[in-house]
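Each remark here refers to the structure printed beneath this line.
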Amino acid sequence: MKNKSNFMFISMIILSILTLVVLILSCIHMFIYPDYDMSSWVMVVTLGIFTVLMIVCIVLEKFHIRKIGFYLLHIGLVMILIGCFAYFMNGQKYTIIRPCDPATYYPVTATNEAGEAIYLDNMYINIQDTEITYYPPTYTVYEVDTQTQDMNAIVSDLEIQDGYLDLGPYGGTNMSEAELDATLLTYQNPTNGSSYRYYYLTESTFVMENAVVSHYEATVRFDTDSVPLSLIMNHPVRYNGWKIYLMGIVPYNGADYVSFMFKKDPGEFVTVAGMIFLIVGTFLASFMRSGKPKAETIKVEVISAKKADAGKRKGAKR
Amino acid sequence: MDTALRIVIIVSAIFYYVAALFYGLQKKKVAYILNGIGFAANLSLVIINWVVNGYVPFISMYQVMTFVGACFTVSYLYMHFVNKDGWMGMHFNLCSGIVMTGVFFMSGSASLIWRRVPALQSVYFIPHVLFYMLAYTLFAVSFVICMERLLFAKDDEKKRRLDKGVYDVVRLAFPFATTAMLLGAVWANEVWGQFWSWDDKENWALITWLMYAIYLHCYRNEKLRKVQYIFIILGLLALVMTMFGVSYFGSGVHAYS
C-alpha cells in the first residue's frame, strides 16, 4: 500500500514535469520563437519517460474487473504514444502541387528533408477536373492611414441586397451587381498565387471583396489504368499504401493548381485503437465507480451502529 | 433585433444570479423556478442563433458562450438527478450568470453570417466543440466549488462535502474533455494529415487536460490531497488561456476558432 502511495506520488511528479515541459515549450512557441518545432527530442524524451512510467503503472496495479477503466485508459495512452513515436521515426509526408491538366500524367515526385528528389513508388498523377465553389461574396470598406499605410476596416460584411451593393455614406454608391463586377480590379499575389478584387472609392478608402471558398474538389487518377477518384478536403483516399489528401486549389495564370499531401503513417492504426481505448477507459473509470464511496460509508455506519448496540447490551447484562 | 437580444441576455443573466442566491439561501423551490426562467431565456437565444445560422450555433465566441451558458443547467440536471449533488445549484447558476454577463458585452459584435471553410465541414466538428463545452462548463463549476472550499468552508463536514463535490464534477467532465481532444485529433488527421500539430490551441487544451489529470491523481492519494486544489486553480487558468488567450496571443490552424 505504501509502495502504491509512493508510486502515485511519482506519477504525479512525472505528470507535472510533462505539463511543465508542454507549458514552457508552448510559451516559447507562442511568445518568443513562433517557428520553434515542438516535436523536438526534448518532447520525445519526456513522452518516452511518461510512457515507461505508465507501463510500470499498468503492471503494478493488481487486476480487478472494476479497474477495467483504469487499464483501458492507461493502455490506450501507451498505444497512442507508441503509434505517434512510430510515425515520428518512420512516417513519411510530402506536399505536392500539380496543375489541372487532363492530358498529362505527372510523376509523383517530392523533395525530402535532405533536399533530394524522391519518386514516390513510381506513381503518376493525372488531374482531370477541379471544382471550387464560393459562398456569396461580402464587401468591406477599408480606410488607408496615409502616414502609416495601415488598412483599417470601417464597415465589414456588406452584402449585395436585391442586386445592389449599398455602401451608404462611403462614396454614396448604390451599385448593381453587374456594375460592381465591371468596376472591381483583380490583384494577384505573385508569391502565393492568392488573389483578391477591390476598387478605390476615394484616394484613401477602398472596397474589397471577400470570397470565401465553400468547397474544393479534384478528380484525379494515380496511374493510367486506375479508376478516377474524387478527392474532397476532409475526405482523404488511400492508394498504393499512401493516404492522399486534397489540401487546396489555387487558380493561377489561368490554371488551377492542386495541392496534395501524400502520407504514410505506420503507427496510425495503433494510435486510433489507442484513442478508442482511452475514450472508453476514461468513461468507464469515471462512471463505474459512481456510488461506491457512499455505499462503503453507509456499510461502515451500519456495522458501527450494530457493534455499538451489542456493546451496550453486553454492558447492561454485566 | 440587437436591443431585443441584449434584453433577453441580461434577463437570463439576472435570473441565473438570483437563482444562485436562492439556492444559497436553501429556498430551492423558488430557485428552481428562477433557474428555469433564466434557462428558458438562454435557450431561446441558442434557438435564435441556430435558426439564423441554419446550423449549430458555433460561429462566433458570442454564439459559443451563449451555448455554454445553457450547458450549465443541463449539466446541473445530471448532477442533481443522477449524482444526487443537488446542493451545487448555486455554483452552476453563478457560472451561468457570469458567462451570460460576458455574452451581454459580446452581443454587439455578434456576426450571424457563417462561411464554413472546407476544413470545418466535418462530422467531427459538432461533437468536438460540444464535448469541449460540456467539459469546460463543469471545470468552471469545479473551480467555483473549490473557491468556496478554500475561502468559506469552516467545519470538516462541509469541507468533505465540497471536496467530494469538486471530485464528482471533475470526474464527470474529464471523459468529455478526453473525447473532445481525441475527436479533434482524429479530425486533424483527416484534414491536415496529422493527429497533433503542436498548435497553440492544441497545446493549451492539452495543458488544461493534464492539469485535471494531475488533480484526479492527487485526489486519489491521501498525501497528495493537500495540493489538489492548486491544479484546479491552474486548470481554470489554462482553460481561460485555451478559450480566450490563444485567440489574442496565438496563431496556427485554429485561427478561426
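Note on naming: letters A, B, ... go to the chains in the order of the sequence lines (proteins, then strands), and numbering restarts at 1 for each one.
- At a 4.5 Å heavy-atom cutoff, the contact between A:F31 and chain B is made by side-chain atoms alone.
- B:F231 touches chain A through its side chain: at least one heavy atom from C-beta onward sits under 4.5 Å away, while N, CA, C and O do not.
- In terms of heavy-atom pairs under 4.5 Å with chain A, the best-connected choice from B:W209, B:Y124, B:W204, B:F174 is B:W204.
- Residue A:M275 touches chain B through both its backbone and its side chain, counting heavy-atom pairs closer than 4.5 Å.
- Between A:V258 and A:I97 there is no side-chain heavy-atom pair separated by less than 4.5 Å.
- Looking at B:L206, the atoms closer than 4.5 Å to chain A (heavy atoms on both sides) all sit in the side chain, from C-beta outward.
- Ionic pairing of A:K243 and B:E190 is present here: one or more N-O contacts between side-chain nitrogen and carboxylate oxygen are shorter than 4.0 angstrom.
- The candidate with the highest count of non-hydrogen atom pairs below 4.5 Å against chain B, out of A:L20, A:V213, A:T133, is A:V213.
- Both the backbone and the side chain of A:F283 come within less than 4.5 Å of a heavy atom of chain B.
- In terms of non-hydrogen atom pairs under 4.5 Å with chain A, the most contact-rich of B:L172, B:T178, B:V186 is B:T178.
- With a threshold of 4.5 angstrom between heavy atoms, A:I232 does not approach chain B through any atom at all.
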**Report entry** salt bridge (Lys or Arg N to Asp or Glu O under 4.0 Å) assessment of A:E268 paired with A:K263
**Finding:** CA-CA 11 Å; A:E268 188 177 17; A:K263 186 189 165 197; 5.1 Å; no
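- Heavy-atom distances place the side chain of A:T271, and not its backbone, under 4.5 Å from chain B.
- Note: A:H215 NE2 to B:R116 CZ = 13.0 Å, rounded to the nearest 0.5 Å.
- With contacts defined as side-chain heavy-atom distances shorter than 4.5 Å, the pair A:E131/A:Y216 does not qualify.
- Only the side chain of B:V227 has a heavy atom closer than 4.5 Å to any heavy atom of chain A.
- Two residues are said to be in side-chain contact when any heavy atoms from C-beta on lie closer than 4.5 Å; B:R171 and B:Y219 fail this criterion.
- Ranked by non-hydrogen atom pairs under 4.5 Å with chain A, the options B:I207, B:L234, B:V170 are led by B:I207.
- Only the side chain of A:D265 has a heavy atom closer than 4.5 Å to any heavy atom of chain B.
- In summary, the aromatic rings of B:W192 and A:Y245 are positioned with their centroids too far apart to meet the 6.0 Å limit.
- With 3.5 Å as the limit, one finds a donor-acceptor pair spanning the side chains of B:D200 and A:H29.
- Put simply, the side chain of A:I244 does not reach to within 4.5 Å of the side chain of A:M261, judged on heavy atoms.
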